[in-house]
Amino acid sequence: MLDRKKLRDDPELVKAKLATRGEEYPAVVDRIFELDTEERKTQVELDDLRRERKELSKEIGKLMQAGDAAQADEKKESVKAVNEKTAAVEARFNALQDERISLLGTLPNLPDDSVPVGGEDARQLIKEHGEQRSLAFKGKDHVELAASLNLVDFAAAGRISGSGFQFYVGLGAELQRALINLMLDVHISEHGYREMRPPFIVKPEAPYGTGQLPKFKEEMYHVFTPLEQVVHDPGGQPDYYLIPTAEVPVCNYYGGCILPPDALPVKLVAYTPCWRVEAGHYGHEARGLRRVHEFDKVELVVLCAPEESDDALERMTGEAEHILELLELPYRRVLLPTGDMTFASAKTYDLDVYSAVSGEWLEVSSASNTSDFQARRANIRFRRDAKAKPEFVHMLNASGLALPRIVIALLENNQLEDGSVAVPEPLQRYMRGVERLAPPENPLPFFD
RNA sequence: GGAGAGGUGGCCGAGUGGUUGAAGGCGGCAGUCUCGAAAACUGUUAUGCGGGUUUCCCCCGCAUCGGGGGUUCGAAUCCCCCCCUCUCCGCCA
């Protein structure tokens with residue numbers, strides 16, 4: 001949510017900045033500006049009428065206590081007249097306010113000044129790390145490796161859940177668990193995060209707070225309770241959503257709270273599965289583990305004071321990179337342009353990992369500074385001092401990291417000519433000391 | 001899922017239709033006392049929106065007692081719906 005006052009004070013600036021994110025936005029800003037002006041005029045009218053009613057009602061109370069029923073009745077009539085006027089003005093006020101708020105909810109965050117203007121072409125390479133070496137032999141892609149090493153059963157997942165789901169088996173499942181634990185442990189003990197285990201199913205208010213709603217409703221899975229038990233249906237919303245990222249429940253953890261002085265920064269890390277509809281066909285883009293409906297991710301969330309958030313974004317991105325370095329995966333950091341950022345973000349870095357087989361970069365992390373945008377929507381504030389007025393915190397999130405494409409890169413980059421895959425050293429202790437992923441001696445019976 | 005109880009300010013808790021934004025207590029902050037601290041005493045202690053003044057100082061209005069709707073001249077208080085918590089029963093990993 002953008003600051004209503006900022007939009008009021010400098011609509012041209014807001015329009016110019018939002019225009020870099022989508023051509024449809026300036027017109028919305030104009031409309032909100034009109035609504036805001038009219039709404040405030042109406043509020044003055046409304047407040048006056050309500051004050052009048054309040055005063056009269058008090059007088060009626062006094063008259064009743066004094067036993068003067070006749071005069072009281074007379075006043076009651078005048079209050080009724082005031083109430084009629086109030087009802088009309090109130091209806092107008094509510095209509096203006098509703099429209100303003102719902103339109104404001106559809107505007108994305110203002111991009112930071114350091115963000116390049118433009119679409120995908122304007123992506124800015126910040127750094128590259130590690131050698132993008134190619135294999136000395138013809139490597140298999142991760143789907144072939146996953147099959148030959150008996151790590152992932154795509155066919156079974158397809159039968160049971162449909163395309164876009166995976167059945168990790170044996171060492172494949174252990175690898176997931178190992179990656180999750182490695183990431184959590186590093187973020188907790190080296191980077192000072194506190195682990196959270198949030199619920200995976202949330203009410204609509206939560207994705208609204210983080211900005212997935214109302215614009216990206218179709219990207220989330222809806223969870224309905226059985227029809228006869230559907231009791232609340234505010235605004236036609238389904239009952240629940242499956243989280244598309246841990247950001248949704250974790251960022252809402254302090255929803256509505258005013259954090260005391262010295263509470264910031266708050267650093268939270270959570271592993272959760274993530275569910276995304278990913279409607280449409282992607283072909284090669286979606287092969288195997290590239291783009292899936294359900295995946296595992298370790299997510300970092302930081303709440304900090306406004307003046308800290310620029311540094312916090314750099315730090316968090318570095319912390320995600322640290323995991324890639326531990327896994328010895330070549331990666332690059334890219335600064336996303338205005339047209340490419342997620343809704344709530346003011347500035348986003350993507351981390352891409354290099355795949356030796358396809359020679360492509362695969363996105364494994366997105367680190368965003370949402371400034372006060374999510375904090376406004378979720379209403380999360382803090383006090384600098386015991387007596388200071390509450391201010392909105394700044395909120396940041398970064399994947400640290402998303403697993404499927406890590407697995408792709410790990411398998412493809414670390415494969416050896418004999419068809420096995422080397423396990424990076426830091427990961428071995430999380431996998432019972434396994435150094436190589438090799439075809440199991442007695443694989444699961446496999447049906448295709 | 002069934003039956004019952006309840007949700008009030010940072011916390012505890014009073015308040016069942018009238019000047020209650022809300023008693024009292026605790027905590028916090030400021031002051032008096034003290035060499036200092038404790039104790040005691042005094043004062044103070046919500047958020048949002050709008051208007052004025054004009055800049056962070058104050059003044060005024062409105063709203064807010066889980067959320068929404070209703071009754072009424074007037075609702076924390078009465079009615080309806082929803083959300084949440086607790087107790088017992090049922091079911092269940």
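These values consider heavy atoms only, across backbone and side chains, with no hydrogens, waters or symmetry-generated copies. Letters A, B, ... are given to chains in the order of the sequence lines, protein chains preceding strands, and every chain is numbered from 1.
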### Query
Roughly, in whole Å, what's the span from CD in A:Gln65 to P in B:C73?
18 Å
### Query
What nucleotide among B:C62, B:U19, B:G48 has an atom nearest to a side-chain atom of A:Asp47?
B:C62
### Task
Look up atom CG in A:Leu213 and atom CZ in A:Arg377, then write down how far apart they are to the nearest 0.5 Å.
8.5 Å
### Query
Which value, in whole Å, describes the distance between the P atoms of nucleotides B:G24 and B:G31?
24 Å
### Message
Measure CG/A:Leu96 against P/B:G50 and give the value in whole Å, please.
### Response
14 Å
### Query
Would A:Glu319 and A:Tyr193 count as having a side-chain donor-acceptor pair, cut-off 3.5 Å?
yes
### Rounded distance (Å) that lies between atom C1' of B:C49 and atom CZ of A:Arg51
16 Å
### Message
Any base atoms under 4.0 Å from A:Ile60, or only sugar-phosphate, or nothing? Heavy atoms, all strands.
### Response
base
### Message
Taking only the P atom of each, what is the distance from B:G2 to B:G21 in whole angstrom?
### Response
39 Å
### Atom-to-atom span, CD of A:Glu205 to P of B:G67 - whole angstrom
13 Å
### Task
Return the value, rounded to whole Å, for the distance between atom CG of A:Asn94 and atom P of B:C49.
17 Å
### Message
Both A:Arg40 and A:Arg50 contact RNA chain B. Taking the nearest nucleotide for each, which residue is further toward the 5' end?
### Response
A:Arg40
### Query
Would you call A:Glu294 and A:Arg276 a salt bridge, taking side-chain N to carboxylate O under 4.0 Å as the test?
no
### Message
Given B:C73, B:G50, B:A63, identify the nucleotide with an atom nearest to the side chain of A:Lys54.
### Response
B:A63
### Query
Taking atom C1' in both B:C80 and B:C73, what distance in whole Å separates the two?
23 Å
### Task
Could you work out which one of B:G61, B:G48, B:A63 sits closest to the side chain of A:Arg53?
B:A63
### Task
Considering only atom P, compute the distance from B:C60 to B:A22 and round it to an integer number of Å.
13 Å
### Query
Mind checking the P distance from B:G10 to B:G70? Whole angstroms is fine.
28 Å
### Query
Would you say the side-chain atoms of A:Asn369 and A:Ser345 include a donor-acceptor pair closer than 3.5 Å?
no
### Message
Which label fits A:His222 and A:Tyr241: parallel for a plane angle under 30°, tilted from 30 to 60°, or perpendicular past 60°?
### Response
perpendicular
### Message
Counting only side-chain nitrogens and oxygens, does A:Arg8 get under 4.0 Å of the OP1 or OP2 atom of B:G50?
### Response
yes
### Task
Could you give the distance separating B:G68 and B:A76 at their P atoms, to the nearest angstrom?
13 Å
### Query
Among B:G48, B:C49, B:A46, which is the nearest nucleotide to the side chain of A:Pro390?
B:G48
### Query
With under 30° as parallel and over 60° as perpendicular, where do the rings of A:Phe343 and A:Phe216 fit, or are they tilted in between?
perpendicular
### Message
With a 3.5 Å limit on both atom pairs, tell me what B:G21 is paired to, counting Watson-Crick and G-U wobble, or say none.
### Response
none
### Distance under 6.0 Å and angle within 45° of ring axis: A:Arg291 vs A:Phe295
no
### Task
With a 3.5 angstrom cut-off on both distances, give the Watson-Crick or G-U wobble partner of B:A39, or none if there isn't one.
none
### Message
Between A:Glu52 and A:Arg381, which residue's closest nucleotide on RNA chain B lies nearer the 5′ terminus?
### Response
A:Arg381
### Query
Using purine N1 to pyrimidine N3 plus N6-O4 or O6-N4 for Watson-Crick, or N1-O2 and O6-N3 for G-U wobble, both under 3.5 Å, which nucleotide pairs with B:U44?
B:G28
### Query
B:C49 pairs with which nucleotide, Watson-Crick or G-U wobble, both distances below 3.5 Å?
B:G61
### Message
Just to verify, what does A:Lys347 make a salt bridge (Lys or Arg N to Asp or Glu O under 4.0 Å) with, not counting sequence neighbours?
### Response
none
### Watson-Crick or G-U wobble mate for B:C91, both contacts under 3.5 Å
none
### Watson-Crick or G-U wobble partner of B:A76, both distances under 3.5 Å
none
### Task
Decide if atom CD of A:Glu23 counts as having more than 12 heavy atoms of other residues, nucleotides or ligands within a radius under 6.0 Å.
no
### Nucleic acid contacts - residues 71-84 of chain A versus RNA chain B, non-hydrogen atoms under 4.0 Å
A:Lys76, A:Val79, A:Lys80, A:Asn83
### Task
For B:C12 and B:G66, measure between their P atoms and round to the nearest Å.
13 Å
### Task
Kindly assign one of parallel, tilted or perpendicular to the pair A:Phe165 and A:Tyr221, based on the angle between their ring planes and the thresholds 30° and 60°.
tilted
### Task
For the side chain of A:Lys203, starting at C-beta, report the closest nucleotide among B:G61, B:A63, B:C84.
B:C84
### Message
Rounding to an integer number of Å, can you tell me how far A:Asp98 CG sits from B:G68 P?
### Response
12 Å
### Summary
Testing B:G50, B:C73, B:U47 for proximity to the side chain of A:Arg4, the answer is B:G50
### Task
Could you give the distance separating B:C79 and B:G18 at their P atoms, to the nearest angstrom?
16 Å
### Task
Kindly point out which of B:G48, B:G51, B:U19 is positioned nearest to the side chain of A:Lys62?
B:U19
### Query
Roughly, in whole Å, what's the span from CZ in A:Phe93 to P in B:G48?
16 Å
### Summary
For B:A5, the nucleotide meeting Watson-Crick or G-U wobble distances (both under 3.5 Å) is B:U85
### Length of the line joining A:Lys41:NZ and B:G51:P, which is rounded to integer Å
12 Å
